[in-house]
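See below for the structure under consideration.
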Amino acid sequence: MMSLMRKAVAFIKRDFSIESGYQAAFVMGLVESLMLLVILSFVGRLVSPTASGTLSRSGLHYFPFALIGVAFARYFDIMLRMFSDSIRTAQVTGCLEAMLSSRTGSVTIVMLSSLYSLISGGLQLLLILLGGVLLFGVNLQHMNVLATLLVLLVSVSIFVGFGVLSAAAIVWLKKGDPITWMLGGLSGILGGAYFPVDVMPTWMQKISVLIPVKYSLDALRLTMLQGASLATVAKPVGTLAIIAVVILPVSAAIFAATIRKGRKEGTLMAY
Amino acid sequence: MTTTNAPSALISTERSARESPLIEVQDVTMRFPIPKRYREWVLAPLRPRRVFTALTNADLEVQTGDRIAVMGPNGAGKTTLLKLIAGVLLPTEGKVLVNGHSTLEQNAAPRSSVGFVFNEERSFFWRLTGRQNLEFFGALDNLYGRQLRERIEYLLELVGLPDAGDKVVSAYSTGMKQRLALARVLMAEPDVLILDEPTRALDPVACDEIIELISTTIHRNLRKTLLIATHRPEEASLLCNKVIVVEGGTIRGSESIKELNAKGITVLDYYRQLVVGGRPS
């Protein structure tokens, strides 16, 4: 465990040292997040609280609804892509074989390679939420912190699982990752980040039941904006937990098998 | 590439026959599938992918302390053979045993006793310093804290980069990157060092310095078993005590350099004889 922690620190240090050389990208990311908040606040002025059943029942305005949805959907999207991005970068920079020749296993390497994105994405998420509170007056005073953290933990586990699957797809297919394409794309429309799912046609609402991010966002809005208890969000959290328990070991096994296939076919470094 | 059975290249050693080899390559064949083109997907969607045979029925034994030059033309299968030994590749057929462990079943086995010096200059993080790269790869090899720092200082000194540790790798010359690659692979103190064309793309002076570093420091002082892919017969003679020649994916032969010299045959003659069928002068 201690060894894993030390390796985690080595990965974070490496990525921080590399990323700190790209200050412009960091500043542009912050400005982009701020612009997103401005856009959402203007859209919020156009949307009446009675525009959807979800908004009118909860008494929420559009802006806080969209703030939670968009901020967390972006964070989950980072998680979905971070593993495949780190593998692809390692392939392109030529470091993947060198890392895989070390005494650290392939699954550990891919997991730890994404830690920095997880942390920097988390910071971006916090800044967006802070911007929403300080600049646009979103009220998070009723937030149930414990329940929120639990929902976040289970959600992160799921997206880590799908992210590792996505990395396996990159090792196998090199370009064109169907996991990110399908899950990322569908989550944007059907996950309820920008608008409540109940404004969509019934057939789309039925499909949205299959999208994990919908459960995460529903539960996060309840715990963050309405202070809902763990018991209130037990159903979506339970659904997420079941998905997490399945996806995590399955994705790790598939990733290890893909690396082995790459070693057998000599395609590990092909990109 | 080739489908003919290759002659076995069991390298004899002066040691007792009962001593088990450090590395055994047993009847190994390596085939790489060739991705299908659109045309093939349309015209023959069910036909299996074509394959490229990079190595056929290779046999090899490496004993502790051996220094083996692996020679052969470009595309002969040298790098494939070495990557199989390092566990970077897994054989399509046959077995590679490192310290008695098959790389197919226990892939971690070669990683703990074999170090591979990639000839790929890009295998470092160019925006990090040499020291930062060694810190990162050292952590992957389970070295931390003071032990890691001391090891890095020692290795930077050893490979002749004591003052270049804090330079970013992008500012390194090719020779310096090669030295850094040697330092990286020595971090984990492997028993066997595999060097894939260590002097490729180096100027004559840098080339001599690397050869000196390998022969004096790594072989004589650290007593590592060496496997070196090279195109240069003089490098093989200077660094190694045995030579194997690979051509067309087949190990054509192996010989002790001392015995060749005793017969008045140079490494270049031996290579010519096996690769182009020419007679030694």
Side-chain angles (χ1 to χ4, degrees), chain A residues 2-23 86 89-113 115-116 172-175 256-271, chain B residues 30-35 49 51-52 54-55 79-80 83-84 86-92 103-104 107-129 132-133 135-145 148 168 170 181 184-185 187-188 190 194:
Chain A
M2 199 60 193
S3 160
L4 190 68
M5 293 287 283
R6 284 170 161 171
K7 281 178 187 170
V9 171
F11 273 90
I12 293 168
K13 262 176 85 175
R14 177 201 69 175
D15 291 337
F16 179 75
S17 302
I18 293 171
E19 289 300 320
S20 59
Y22 300 103
Q23 295 97 341
S86 67
T89 306
Q91 279 179 327
V92 174
T93 56
C95 297
L96 186 64
E97 266 188 338
M99 287 197 286
L100 292 175
S101 304
S102 72
R103 294 180 182 180
T104 302
S106 59
V107 175
T108 309
I109 286 173
V110 74
M111 287 287 190
L112 298 181
S113 289
L115 272 181
Y116 181 80
W172 185 29
L173 301 171
K174 313 301 168 200
K175 255 187 175 182
T258 318
I259 291 288
R260 190 176 167 82
K261 182 177 181 287
R263 280 194 160 119
K264 280 213 97 164
E265 298 189 346
T267 55
L268 220 47
M269 286 301 287
Y271 56 87
Chain B
M30 185 71 203
R31 294 190 197 95
F32 297 118
I34 302 167
R49 285 181 295 179
V51 292
F52 166 78
L55 205 61
T79 301
T80 300
K83 284 189 172 180
L84 282 161
V88 176
L89 291 174
L90 297 174
T92 313
T103 58
L104 275 167
N107 194 244
R111 293 205 302 266
S112 57
S113 34
V114 179
F116 196 104
V117 182
F118 294 93
N119 70 13
E120 177 56 76
E121 272 189 53
R122 295 182 312 121
S123 67
F124 287 104
F125 298 97
W126 281 33
R127 292 181 78 97
L128 299 184
T129 64
Q132 285 173 322
N133 267 284
E135 277 173 7
F136 174 72
F137 284 104
L140 290 186
D141 283 328
N142 304 324
L143 291 169
Y144 313 102
L148 174 63
V168 286
S170 58
R184 172 173 64 190
V185 87
M187 292 288 286
I194 295 178

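Basis for what follows: all heavy atoms, side chains included, without hydrogens, waters or symmetry-related copies. Note that this is a predicted model, so its numbers are computed, not measured. The chains referred to below are lettered A, B, ... by the order of the sequence lines, with proteins before strands, and numbering in each begins at 1.
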query = How many angstroms lie between CE in M5(A) and OH in Y144(B), if you round to the nearest 0.5 Å?
reply = 11.5 Å
Proximal component of P35(B), with respect to chain A [non-hydrogen, under 4.5 Å] = neither
task = Please look at L100(A) and chain B and tell me whether the side chain, the backbone, both or neither of the residue comes under 4.5 angstrom of a heavy atom of that chain.
result = backbone
task = Check each atom of A188(B) against the heavy atoms of chain A and say whether the ones under 4.5 Å are side chain, backbone, both or neither.
result = both
ask   = What are the two closest non-hydrogen atoms of I109(A) and M99(A), and how far apart are they?
value = CD1-O, 3.2 Å
note = Note: K264(A) and P91(B) closest approach over all heavy atoms is CE-O, 3.2 Å
ask   = Backbone N or O of F118(B) within a donor-acceptor pair of the S123(B) side chain at under 3.5 Å?
value = no
key: Heavy-atom proximity to chain A below 4.5 Å, by part of M30(B)   = side chain
query = Which residues pass the side-chain hydrogen bond (donor to acceptor under 3.5 Å, both in side chains) test with K261(A), sequence neighbours left out?
reply = E265(A)
query = Among L104(B), V114(B), T129(B), V168(B), who wins on heavy-atom pairs under 4.5 Å with chain A?
reply = L104(B)
request  = Check side-chain hydrogen bond (donor to acceptor under 3.5 Å, both in side chains) between T104(A) and all other residues, then give those that pass, not counting sequence neighbours.
outcome  = K7(A)
message = Which one wins on heavy-atom pair count under 4.5 Å against chain B: L112(A), I18(A), V9(A)?
response = I18(A)
task = Would you mind telling me which of F137(B), F136(B), F32(B) has the largest number of heavy-atom pairs within less than 4.5 Å of chain A?
result = F136(B)
request  = Determine the option with the most heavy-atom pairs under 4.5 angstrom with chain B, choosing from A10(A), C95(A), S17(A), G262(A).
outcome  = C95(A)
note = Highest number of heavy-atom pairs under 4.5 Å with chain A among N133(B), T80(B), V88(B) belongs to V88(B)
Residue, of G105(A), A90(A), S3(A), that accumulates the most heavy atom pairs under 4.5 Å with chain B = S3(A)
query = OG/S170(B) to CG/L128(B) distance, rounded to the nearest 0.5 angstrom?
reply = 9.5 Å
